[in-house]
Amino acid sequence: MAKTVVLERKPLSLSERTYLPQILTGLKTTFTNMFKEKVTLQYPEEKPVLPPNYRGVPTLVKDPNGREKCVSCQLCEFVCPPKAIRITPGSVPEDHEDREHVEKAPQEFEINMLRCIYCGYCEEVCPEEAIFLQNEYSFSGYTRDEMINDKAKLYELGGTLPDDHYKWDKKKEAEEKGNPH
Amino acid sequence: MMLDAETLQLVGMKFLFALLMVGAVMTMAGYSVLAERKVSAWMQGRVGPNRTVLPYVQYIPILGPFLRGLGIFQPLADGLKFLFKEEIVPGHVNKLYYYMAPLVALVPALTTMTVLPFGEFFHDNGESFPLILADLEVGILFILAVSSLGVYGIVLAGWSSNSKYPFLGGIRSSAQMISYELAMGLSLLPVFLWVSEPGSGLSALSLTGIVASQAESTWLIIVQPVSALIFLIALFAETNRLPFDMPESETDLVGGFHTEYGSFKFGIFFVAEYAHIVVGSAIFTAIFLGGWHVFPWVADPWPENWLGSLLGVGCFLTKTVLLIFFFIWIRWTLPRFRYDQVMHLGWVRLLPLALVNLVFYVILVSWLDQPVATN
Ligand code: SF4
Ligand code: SF4
């Protein structure tokens with residue numbers, strides 16, 4: 001155990017007891033501060049630099065082939081702590097030209113931004129890497145309805161992100177070779 | 001009753017001058033608020049208000065954006081905001097005194113300036129008059145008497161609000177006022193002694209006399225630094241500025257005496273506080289910083305005509321503004337004293353110091369004036 005050292009406090013000298021020299025030092029500090037560079041960010045004109053892992057508004061993304069990635073597994077809906085996500089699952093028709101291997105896709109996908117706490121769990125849990133919290137941070141609206149992002153809005157906000165897997169291409173290839181799933 | 005043209009003219013002129021002076025002091029108070037916001041921002045590494053601008057002004061090249069960045073139009077916006085805010089009167093207040101309090105706070109601040117000389121007017125025939133609304137023989141006594149009435153506004157606000165935080169603020173404020181008034185008065189006595197030396201023919205109780213005495217020798221702050229220091233500290237306490245902002249004490253009394261006030265009534269309190277600072281700074285300038293005389297020991301370098309008057313007034317204003325800056329500077333440097341520390345400082349430190357200072361100058365002045373007395 002560390003030994004406790006009791007520091008002897010020196011009695012204040014006369015000049016210290018008048019406080020005046022200390023006040024002068026303080027005045028000097030504040031005065032020099034006046035000429036230092038300002039840290040204020042002139043917000044609407046200057047935007048903050050966002051770190052790469054920034055968590056902005058959650059959005060749905062498409063892969064570079066323009067295909068919907070979400071398979072409406074509803075894991076994000078389940079994990080979302082404030083229950084901001086509401087998904088209506090739908091199926092992809094068998095004869096859909098380039099998505100015949102996908103069974104499901106969300107019919108409707110809503111994120112209520114009045115509930116969302118930007119925790120990023122949805123992004124973390126998504127098995128398809130379909131939902132991302134991107135850089136948009138100043139989301140606002142005049143009514144409550146405006147604050148609920150529907151599927152179209154989510155895709156519009158999300159855009160396309162690079163993809164490492166091209167899962168649907170692989171599946172299609174596998175099926176063509178005769179071993180689906 | 002007879003009213004001849006001359007009397008009417010005199011009254012009219014006085015009225016006009018009074019309006020001008022109220023306008024000047026109120027403008028300065030408004031811009032002190034801006035200065036407070038700007039200086040505090042700079043000291044904290046921020047830029048302060050820089051958005052408000054009148055329509056079209058920002059299109060003037062260079063000047064427009066500069067004025068906007070300086071926040072020159074901010075006081076206008078602030079004032080309008082106070083005017084148009086919803087007027088809320090809590091149900092538990094004593095209405096009459098609740099409405100009276102802001103006025104009682106503002107009036108003394110504006111009354112003290114009547115006896116405040118701020119320059120000199122040189123007549124063609126070589127005479128000079130001080131620029132002052134009312135040249136009272138007992139100017140300083142008048143100021144001491146009236147300026148401490150300002151505390152009634154605060155006490156009244158604290159009491160009529162009928163709520164605990166304003167009440168505490170009011171109590172603290174009255175206690176503080178009593179403690180510092182004494183030291184303030186005592187710190188001025190050596191000044192009277194010094195100025196009214198035998199044969200000088202100057203009345204030390206009138207501010208013009210004090211300023212005139214500083215033209216002949218040097219600034220009183222150099223002759224009597226201790227008096228100046230005590231007076232300055234008491235002035236801080238009198239104007240309720242940090243480190244003595246007992247009645248407000250935002251950190252422990254919510255808003256202090258004006259917790260229950262909103263909209264324009266709060267605005268009046270606000271303006272009163274800054275008007276107090278402006279007038280206080282001007283008084284300190286007149287008593288200790290040589291008034292409108294520019295340097296110690298040096299005769300005014302300007303000619304004795306209208307130009308000289310203007311430069312003198314400019315000099316007085318410059319000193320006052322610098323002192324206002326000092327008030328703001330102190331506020332953003334020092335933390336607030338605890339209530340008991342304020343009382344301790346007032347009674348145990350400043351009062352004895354003022355007494356010792358007085359005795360010292362009594363001895364010094366009687367020793368200095370001895371040859372005059374014996375011859
Ligand atoms: S976004 Fe991801 S987690 Fe949510 S339903 Fe779609 S695939 Fe599942
Ligand atoms: S970021 Fe969190 S709160 Fe927002 S939708 Fe995703 S899981 Fe829900």
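Just so we're on the same page: letters track the sequence lines, and every chain starts at 1.
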If a pair satisfies salt bridge (charged side-chain N to carboxylate O under 4.0 Å, His left out) and one of its residues is in residues 41-64 of chain B, list it, with sequence neighbours excluded.
A:E45-B:R51
State whether the side chain of A:E108 and the backbone N or O of A:K151 hold a donor-acceptor pair below 3.5 Å, judged by distance alone.
yes
Sub-3.5 Å donor-acceptor pair from the side chain of B:Y31 to the main-chain atoms of B:I72, do we have one?
yes
Identify the residues of residues 23-30 of chain A whose heavy atoms come closer than 4.5 Å to a heavy atom of chain B, ordered by number, or report 'none'.
A:I23, A:G26, A:L27, A:T30
Using the ring-ring contact (aromatic ring centres under 6.0 Å, His included) rule, take B:Y180 and B:F244 through it: C-alpha gap first, then chi angles, then the decisive distance, then the call.
CA-CA 11 Å; B:Y180 282 82; B:F244 300 106; 5.3 Å; yes
Where does B:W329 contact chain A at under 4.5 Å (heavy atoms): side chain, backbone, both or neither?
both
Proximal component of B:I330, with respect to chain A [non-hydrogen, under 4.5 Å]:
both
Pairs meeting criterion side chain to side chain donor-acceptor pair (under 3.5 Å) with involvement of residues 276-290 of chain B, two or more places apart:
none
Between A:Q22 and chain B, with a heavy-atom cut-off of 4.5 Å, which part of the residue counts as in contact: side chain, backbone, both or neither?
neither
Toward chain B, the part of A:F35 with a non-hydrogen atom under 4.5 Å
neither
Review item, side-chain donor-acceptor pairs of residues 78-92 of chain A, under 3.5 Å, at least two apart:
none

With side chains defined as the heavy atoms from C-beta onward, is the minimum distance between A:E129 and A:K69 less than 4.5 Å?
yes
Just say parallel, tilted or perpendicular for the rings of B:F236 and B:F326, cut-offs at 30° and 60°.
perpendicular
